[in-house]
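Encoded as structure tokens, the structure appears first; notes follow it.
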Amino acid sequence: MRSLRCLAVALCLLAPLTAAAQPAAPPCNSPEHRQFDFWLGKWQVHTPDGKLAGYNTITSEYGGCVLHERYTTEQGFSGESLNLYDASRGLWHQTWVDSTGQLLLLDGRLHKDGMLLEGTTRGADGELLVQRITWTPNRDGSVRQLWESMGKDGEWQVVFDGLYSKL
């Protein structure tokens, strides 16, 4: 009888250790977390007239929770962004920083044509500007990134139009 009690106590003591050893389900494995995966890869980026704009590498990090972008040009410009699906808000978020000191904070979601993120910044004159960036996957595996800005005149102006082709 005593040995049965000892065995029961031992099993009770080991149960939490066994439960702790079980791997938890990955926190970022929902379909929403995979919506921007079409942007993953190593890319060369060209402007609409075919000129090389730069190189971009987008990697999946932190257990698939974050897309990390690293962009460089041959002229010395560089920047990077962290992108994640914020399940608590049901939105994608991007924080972009670059070598000119620019900061962009964008939020949005997947639309039928691609990922659409928007945010606001202030221009050099203090004017409030709406920023909108759309990433559209193409059938050939390339991705178009269109960055537009709208000021107080209400007109969208193209800031950057790039075609991403896999390296």
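Excluded from the calculations below are hydrogen atoms, water molecules and symmetry mates; all remaining heavy atoms, backbone and side chain alike, are included.
Shown are Leu103, Leu82, Leu104; of these, the side-chain contact (heavy atoms from CB on, under 4.5 Å) with Trp96 is made only by Leu104. If you run side-chain contact (heavy atoms from CB on, under 4.5 Å) between Trp147 and each of Leu117, Leu106, Ile133, Thr134, only Ile133 comes through.
In this structure, Trp39 and Phe36 have parallel ring planes: the angle between them is below the 30° cut-off, well short of the 60° mark.
Closest of all the heavy-atom pairs between Thr59 and Leu40 is C-CD2, 3.6 Å. Scanning all heavy atoms of the two residues, the minimum distance from Asn56 to Tyr164 falls at ND2-OH, 3.0 Å. Residue Ala53 comes nearest to Tyr71 through the heavy atom pair O-OH, 3.2 Å, listed as atom of the first residue, atom of the second, then distance. Taking each heavy atom of Gly64 and Cys28 in turn, the nearest pair found is O-CB, 3.8 Å.
Note that CE of Met115 and CZ of Arg109 are 10.0 Å apart. Values are rounded to the nearest 0.5 Å. In this structure, the separation between NZ on Lys51 and NE2 on His46 is 12.0 Å, given to the nearest 0.5 Å. Between the CG atom of Leu84 and the NE2 atom of His93 there is a distance of 6.5 Å, given to the nearest 0.5 Å. The CD atom of Glu127 sits 8.0 Å away from atom OG of Ser149, with the distance rounded to the nearest 0.5 Å. Put simply, CG on Leu110 and CH2 on Trp92 are 9.0 Å apart, with the number rounded to the nearest 0.5 Å. From Glu69, atom CD reaches atom CH2 of Trp43 across 11.5 Å, with rounding to the nearest 0.5 Å.
Residues Val159 and Leu105 do not share a hydrophobic cluster, clusters being chains of Ile/Leu/Val/Met/Phe/Trp/Tyr side chains in contact below 4.5 Å. The same ILVMFWY cluster, assembled from side-chain heavy atoms under 4.5 Å apart, contains both Leu167 and Leu52. Under the 4.5 Å side-chain contact rule for hydrophobic residues, Val45 and Phe38 share a cluster. Linking ILVMFWY side-chain heavy atoms closer than 4.5 Å, directly or via other members, places Phe160 and Leu129 in two distinct hydrophobic clusters.
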Step by step, work out the side chain to side chain contact (heavy atoms under 4.5 Å, CB included) result for His111 and Asp113. CA-CA 5 Å; His111 289 265; Asp113 294 330; 5.6 Å; no

Could you walk me through whether Arg122 and Leu128 pass side chain to side chain contact (heavy atoms under 4.5 Å, CB included), step by step? CA-CA 5 Å; Arg122 294 238 177 240; Leu128 190 63; 3.7 Å; yes

Begin with the C-alpha distance, continue with both residues' side-chain angles, and end with the deciding distance and a verdict on side chain to side chain contact (heavy atoms under 4.5 Å, CB included) for Glu74 and Tyr55. CA-CA 9 Å; Glu74 293 179 345; Tyr55 299 94; 3.6 Å; yes

Go through the steps to decide whether Arg89 and Asp107 satisfy the test side chain to side chain contact (heavy atoms under 4.5 Å, CB included), and finish with yes or no. CA-CA 10 Å; Arg89 296 185 302 147; Asp107 292 303; 2.8 Å; yes

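In this structure a side-chain-to-backbone donor-acceptor pair under 3.5 Å is present from Asn83 to Leu67. A donor-acceptor pair is defined here as one N or O able to donate and one able to accept, closer than 3.5 Å; such a pair exists between the side chain of Ser99 and the backbone of Ser78.
The stretch residues 27-42 participates, sequence neighbours left out, in these salt bridge (Lys or Arg N to Asp or Glu O under 4.0 Å) pairs: Arg34-Asp37.
By the 6.0 Å contact criterion, OH on Tyr62 is open, its count of non-hydrogen atoms from other residues, nucleotides or ligands being 12 or less.
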